[in-house]
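Note that these values count all heavy atoms, side chains included, but never hydrogens, waters or copies made by symmetry. Sequence lines set the chain letters: A, B, ... in the order given, protein chains first and strands last, and positions in each chain run from 1. Since the model is a prediction, treat every value here as computed from it, not as a measurement.
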There are 2 protein chains.
Amino acid sequence: MKTTTIYDVAREAGVSIATVSNAINGKGKVSNKKRDEILEVMKRLQYQPSVIASALMGKKTYTIGLLIPDVSNPFFSEIARTVEDLAHSEGYSVIVCSTDNKDERVEKYIRLLDQKNVDGILIGTGVGNADILALHVEKYFPIVMIARETAGIAVHRVLNDDFKGGTIAAEHLLEKGHRKMAVLSEDFNVSSSFERVRGFRFGLFEAGISLDPKNIFACESNIKDGKRVASEILHGAERPTALFCCNDLLAIGALQAAKEEGISVPEQLSIIGFDDTILSTVTNPTLTTIAQPMNQMVKMAFDLLIGSLDHTDDIKQRIVLQPELVIRESTGNSPIK
Amino acid sequence: MKTTTIYDVAREAGVSIATVSNAINGKGKVSNKKRDEILEVMKRLQYQPSVIASALMGKKTYTIGLLIPDVSNPFFSEIARTVEDLAHSEGYSVIVCSTDNKDERVEKYIRLLDQKNVDGILIGTGVGNADILALHVEKYFPIVMIARETAGIAVHRVLNDDFKGGTIAAEHLLEKGHRKMAVLSEDFNVSSSFERVRGFRFGLFEAGISLDPKNIFACESNIKDGKRVASEILHGAERPTALFCCNDLLAIGALQAAKEEGISVPEQLSIIGFDDTILSTVTNPTLTTIAQPMNQMVKMAFDLLIGSLDHTDDIKQRIVLQPELVIRESTGNSPIK
DNA sequence: CTGAAAGCGCTTACAG
DNA sequence: CTGAAAGCGCTTACAG
């Protein structure tokens, strides 16, 4: 019942607790003989140092926080898994915090993480305008942002080139002969979506096509709203032949709307998503989408975070990674020649 | 930079740290006047008690562990989200641990959680035969199992009636006129799958139909293997008219196999899944499936866990909840009259 | 009602 | 190379 402490192993090994501590941490000088004895006793007693106690002495808690909009969203649950594995391999645990993009949740969670002395936090997008808070917080522990740009706050950031992603989508659709297109975006103040749309428009623009802003629609970021908005578009007077959706959820909504309207994809309508979540492999037709280099992004962000723990790096990096087109079944040639 | 401690508050308020502590925790007697003063100072100094320090004094860490096979699997990510929300509302954080059903990962994680003095752990299925370990661990902190039966270890369990789920699936298919059926199961030593299959067979048995064991196939629990096995079945001499799959992933694999073979679902083949994950709403056709009362299960498990923290309840509960049939598009009348 | 003191399980100078 | 002692930020009897 009672946990065995450093005192138990010290007594058992006939040394002081300081020596046990040194033996464990490889600090100071401990003779090999004593060290081996101590290690042996530790094993015999199944001694595990208390992270709590050593954290109180200013050591790390070996715990990091992960702020994401929603773990149950496949895109973020994949991020969570990657973070977890990286963290685990370095001896860290991760506390998952779903913010629903609500500032008050962000704030509450950060306060909580602060109280628990986490070593650092990874912010995986979606923190509204809590940047101020991040600023406030940065004094306490390092922060690294994944897939999210921030204004006015000096933190490491690992980003996807969203603008480029939008451009790639545009090029793919143009190549298939599409000329009449529409866009399903997330709320325009989500910076990543904003960039994707900008990139998409730029891609069209380069081909001499201008996308009327009235063909860009803002949705809540879920399947249902994607479906609702897509339905409206498909009912409109000038039905587009292709839809660029700022994430897979919206694209799936569009797929469902098309199905409901009896419009076949990709024959009559092409749909392209963004994120390359597991969902895009499961729909029928499967979804052509833009893949962010997720694993790589998370890996770099994690390494930056861990790095920040040991030495405060004065200059903050801003790393931008390139997205990639993943062609599946939901895009095809334009029905209009 | 330096965190403000209870000493700062005490000094500022002109009282002892003991009084501050009492004021915070509502312990002992503190005059209203002093309490208010202290609270005011706390707010002014933005003081936040250190969870670490109080944990060292034997108080709770307000952190729980969640062991699941894989957070990136939609079924479990939904559980994780529910757990997180419940925990958060009670002031707890949750450390997510994906075990991949590997005993060594389970063991490592439990050790880690132990070192970090988590208050308790929720085991959301999939712990192989680490029951021995659970036993070992139960001395340190309470455990509650979700959707998983355990042998020889006294812990609270909140279960889904998997046998019943299998029976419901059988009844649904029988009602649609199916007589030739096959089953895609997870590994047979996964107790929940085992029960589902048993229930399914029982359902058929009651209708006077016996399911030849050679029509029950074990798969790894992922889309790919579901597809592989389903393909084999569909190529077999006696093609069934319906497939019962022990989880949605396998069902999706089956759906893909059917698509590849040009077999239309549900006209020529009915497919029924289990779990009712978001995936089942996204496929085309959407998936008929058996829904576990997930939110309810998680809620009950969480409450039992929190309850165990304050008073060790001697008798461990075993709660069994009922699953429900969710009819979507992937099941239809048997093509064979 | 309030405070001095001991102690939780560690780590870290500092002597020796 | 090793140990005594102080201290991390709290909580909890125990006096008063």
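For A:Thr19, counting side-chain heavy atoms from C-beta on, the closest listed nucleotide (D:dG9, C:dT2, D:dT2) is D:dT2. Across D:dT12, C:dT11, C:dT12, the shortest atom-to-atom separation from the side chain of A:Ile17 is found for C:dT11. Listed nucleotides D:dC8, C:dC10, C:dT12 differ in distance to A:Lys59; the shortest reach to its side chain belongs to C:dT12.
Distance, B:Asp114 CG to C:dG9 C1': 14 Å, rounded to whole Å. Rounded to whole Å, atom P of D:dC8 lies 20 Å from atom CD of A:Gln115. Taking atom CD1 of A:Ile38 as the reference point, atom P of D:dC1 lies 13 Å away to the nearest angstrom. Separating the CG atom of A:Asn117 from the C1' atom of D:dG9 is a distance of 10 Å, rounded to the nearest angstrom. One can place NZ of B:Lys60 at 13 Å from P of D:dT12, the figure rounded to the nearest angstrom. The separation between A:Arg35 atom CZ and D:dC1 atom P is 10 Å, rounded to whole Å. B:Asn32 has its CG atom 10 Å from the P atom of C:dT2, to the nearest Å. As rounded to whole Å, 15 Å separates atom P of D:dC10 from atom CE of A:Met57.
Counting only N and O atoms by type, the side chains of A:Asn117 and A:Thr61 include no donor and acceptor under 3.5 Å apart. No donor-acceptor contact under 3.5 angstrom links the side chains of B:Lys116 and A:Tyr62, judged on distance only.
A sub-4.0 Å separation between OP1 or OP2 of C:dT11 and a side-chain N or O of A:Ser21 is present. Between A:Ser50 and C:dG9, a side-chain N or O to OP1/OP2 separation shorter than 4.0 Å is absent. Taking only side-chain nitrogens and oxygens, A:Asn22 never comes nearer than 4.0 Å to OP1 or OP2 of C:dT11. In this structure, B:Ser16 reaches the C:dG3 phosphate: one of its side-chain N or O atoms is under 4.0 Å from OP1 or OP2. At D:dT2, one or more side-chain N or O atoms of A:Ser31 fall inside 4.0 Å of OP1 or OP2 (strictly under the cut-off).
Between B:Gly14 and B:Leu56, the one whose closest nucleotide on DNA chain C sits nearer the 5' end is B:Gly14. In terms of position on DNA chain C, the residue among B:Lys34 and A:Ile52 whose nearest nucleotide sits closer to the 5' end is B:Lys34.
At least one side-chain heavy atom of A:Val96 sits less than 4.5 Å from a side-chain heavy atom of B:Glu84.
Nearest approach of B:Val20 to B:Val9, heavy atoms of both residues: CG1-CG1, 3.9 Å.
Applying the side chain to side chain contact (heavy atoms under 4.5 Å, CB included) test between B:Val298 and each of B:Leu86, B:Asp85, B:Leu66 identifies B:Leu86 as the sole match.
Across all strands shown, the partner of C:dG16 is D:dC1, judged by Watson-Crick or G-U wobble contacts whose two distances both fall under 3.5 Å.
Side-chain atoms of A:Tyr7 stay outside donor-acceptor range of the base of C:dC8, with no qualifying N/O pair under 3.5 Å.
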